[in-house]
Amino acid sequence: KNLTGFVTLRNSNLDLMLSDGIIENFPLKTWTLSISNLFVPGLSTIHIQGHLQTSFEKALDFISRYQEILHLPKQITAFALEGPLHLNLDLQIPLDHKDNTNQVQAELKTENATFKSKNWPIICKQIKGLFFLKQGFLKGDHVSAYCNNTATLLTLTPDLKNQQQTIYIK
C-alpha cells in the first residue's frame, strides 16, 4: 500500500527503489527490489534487500504463511519468539519454478525478546544480541538472556548437513 519509489528498466534488468510504503502490514523504509534477466526464461531472479523494524510475532507469522515459497525448514516455527525485531533482509528468488534454490539471509537484532520452546521446558527472557539467518537456521554467539530466571549466554549453531539447530546455554 502507498508505495513511494523509483522504477528503472535497463536492458533486461528491472530495479525498484522503495523509500516508503507498507507490504503485508510491514512498514518499509529504503528497500530495493531487482529482477535480473527479466526477458531470459530460466535465468530471471528477484533480489530483495532492505531493513525492517517489526516484532518477532509478525515476522514468524509471515514466515509461517510463506514457508513453502521461501523454502525454509519447518524447525523455524518450532519455537515462539516475542518482542521487538530489527531485520536486515537479503532474499533471492529464482523465477524459474523448477529451481527451488531460494536464498534467504537475514541479520536479526533484538534488545528485549522472549524465547519459548514448543519442545522443551525452557523460557529465555530479555534476549539481547545479534543473530544471522541463513538457509533457515539461526547463528548467534554470546547472546545475553535470562533462561529460567538465570543470567546466561546463548550460542546458536546450525548443523546444515543434518538440518538441525543447536542452542548452547552457558
Side-chain angles (χ1 to χ4, degrees), residues 1-3 17-34 46-93 100-170:
K1 289 188 219 178
N2 303 321
L3 297 175
M17 301 285 290
L18 296 174
S19 58
D20 199 14
I22 296 173
I23 295 180
E24 290 277 334
N25 294 320
F26 293 112
L28 303 178
K29 299 282 183 197
T30 317
W31 280 73
T32 61
L33 180 142
S34 301
I46 297 176
H47 188 188
I48 302 169
Q49 291 181 303
H51 177 77
L52 183 65
Q53 275 186 250
T54 187
S55 68
F56 275 107
E57 297 93 336
K58 288 182 181 178
L60 289 174
D61 177 61
F62 178 84
I63 288 169
S64 69
R65 286 186 284 128
Y66 295 99
Q67 191 168 1
E68 294 296 319
I69 295 168
L70 297 173
H71 298 284
L72 295 172
K74 294 196 186 305
Q75 294 95 320
I76 199 128
T77 58
F79 49 85
L81 281 164
E82 302 168 352
L85 170 67
H86 299 273
L87 175 70
N88 290 318
L89 181 68
D90 187 342
L91 173 63
Q92 294 182 41
I93 304 171
N100 290 328
T101 58
N102 294 350
Q103 296 179 19
V104 179
Q105 296 184 73
E107 178 184 280
L108 303 96
K109 181 181 177 188
T110 186
E111 295 184 11
N112 190 22
T114 299
F115 167 90
K116 296 176 185 175
S117 173
K118 295 179 182 176
N119 300 320
W120 310 299
I122 187 168
I123 296 174
C124 294
K125 297 180 179 182
Q126 297 178 15
I127 300 171
K128 182 179 181 179
L130 187 63
F131 301 92
F132 300 94
L133 175 70
K134 188 172 183 177
Q135 296 177 333
F137 291 94
L138 288 172
K139 181 176 184 344
D141 292 315
H142 305 294
V143 175
S144 65
Y146 284 89
C147 296
N148 294 342
N149 297 318
T150 303
T152 59
L153 287 177
L154 303 174
T155 300
L156 286 79
T157 306
D159 178 354
L160 299 178
K161 180 180 175 186
N162 295 313
Q163 294 291 294
Q164 295 179 349
Q165 178 78 58
T166 304
I167 301 172
Y168 297 99
I169 301 174
K170 296 179 187 176

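In what follows, residues are counted from 1 in the order of the sequence shown.
A donor-acceptor pair under 3.5 Å is formed between the side chain of W31 and the backbone N or O of H51. Between the side chain of T110 and the main chain of P84, a donor-acceptor pair closer than 3.5 Å is present.
The two residues A113 and F56 have their closest heavy-atom pair at CB-CE1, 3.7 Å.
With sequence neighbours left out, the side-chain hydrogen bond (donor to acceptor under 3.5 Å, both in side chains) criterion links S34 to D15. A search for side chain to side chain contact (heavy atoms under 4.5 Å, CB included) contacts involving E111 returns K109, not counting sequence neighbours. Annotation: ring pair (Phe, Tyr, Trp, His ring centres under 6.0 Å) contacts of F115 (sequence neighbours excluded): F79. Residues meeting the side-chain hydrogen bond (donor to acceptor under 3.5 Å, both in side chains) test with E57, sequence neighbours left out: S55. Partners of H86 under the side-chain hydrogen bond (donor to acceptor under 3.5 Å, both in side chains) rule, at least two apart in sequence or in another chain, do not exist in this structure.
V143 is listed as a side-chain neighbour of I127, based on a closest heavy-atom distance under 4.5 Å. Here the side chains of L130 and E107 are in contact, with some heavy-atom distance below 4.5 Å. In this structure, I123 and T114 have side chains that are in contact, with non-hydrogen atoms separated by less than 4.5 Å.
Here the CG-NZ distance, from L81 to K116, works out to 10.5 Å after rounding to the nearest 0.5 Å. Of the inter-residue distances, the one linking L91 atom CG with I48 atom CD1 reads 5.0 Å to the nearest 0.5 angstrom. Rounded to the nearest 0.5 Å, atoms NZ (K128) and CG (N112) are 10.0 Å apart.
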> Would L18 and T32 count as a side-chain contact (heavy atoms from CB on, under 4.5 Å) if you check the C-alpha gap in whole Å, the side-chain angles of each, and the deciding distance to 0.1 Å?
Replying inline: CA-CA 6 Å; L18 296 174; T32 61; over 6 Å; no
> Going through the distances and angles, do L108 and F132 end up as a side-chain contact (heavy atoms from CB on, under 4.5 Å)?
Replying inline: CA-CA 6 Å; L108 303 96; F132 300 94; over 6 Å; no
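Within the structure, side chain to side chain donor-acceptor pair (under 3.5 Å) contacts touching residues 140-149 (residues at least two apart or in different chains) are K139-D141.
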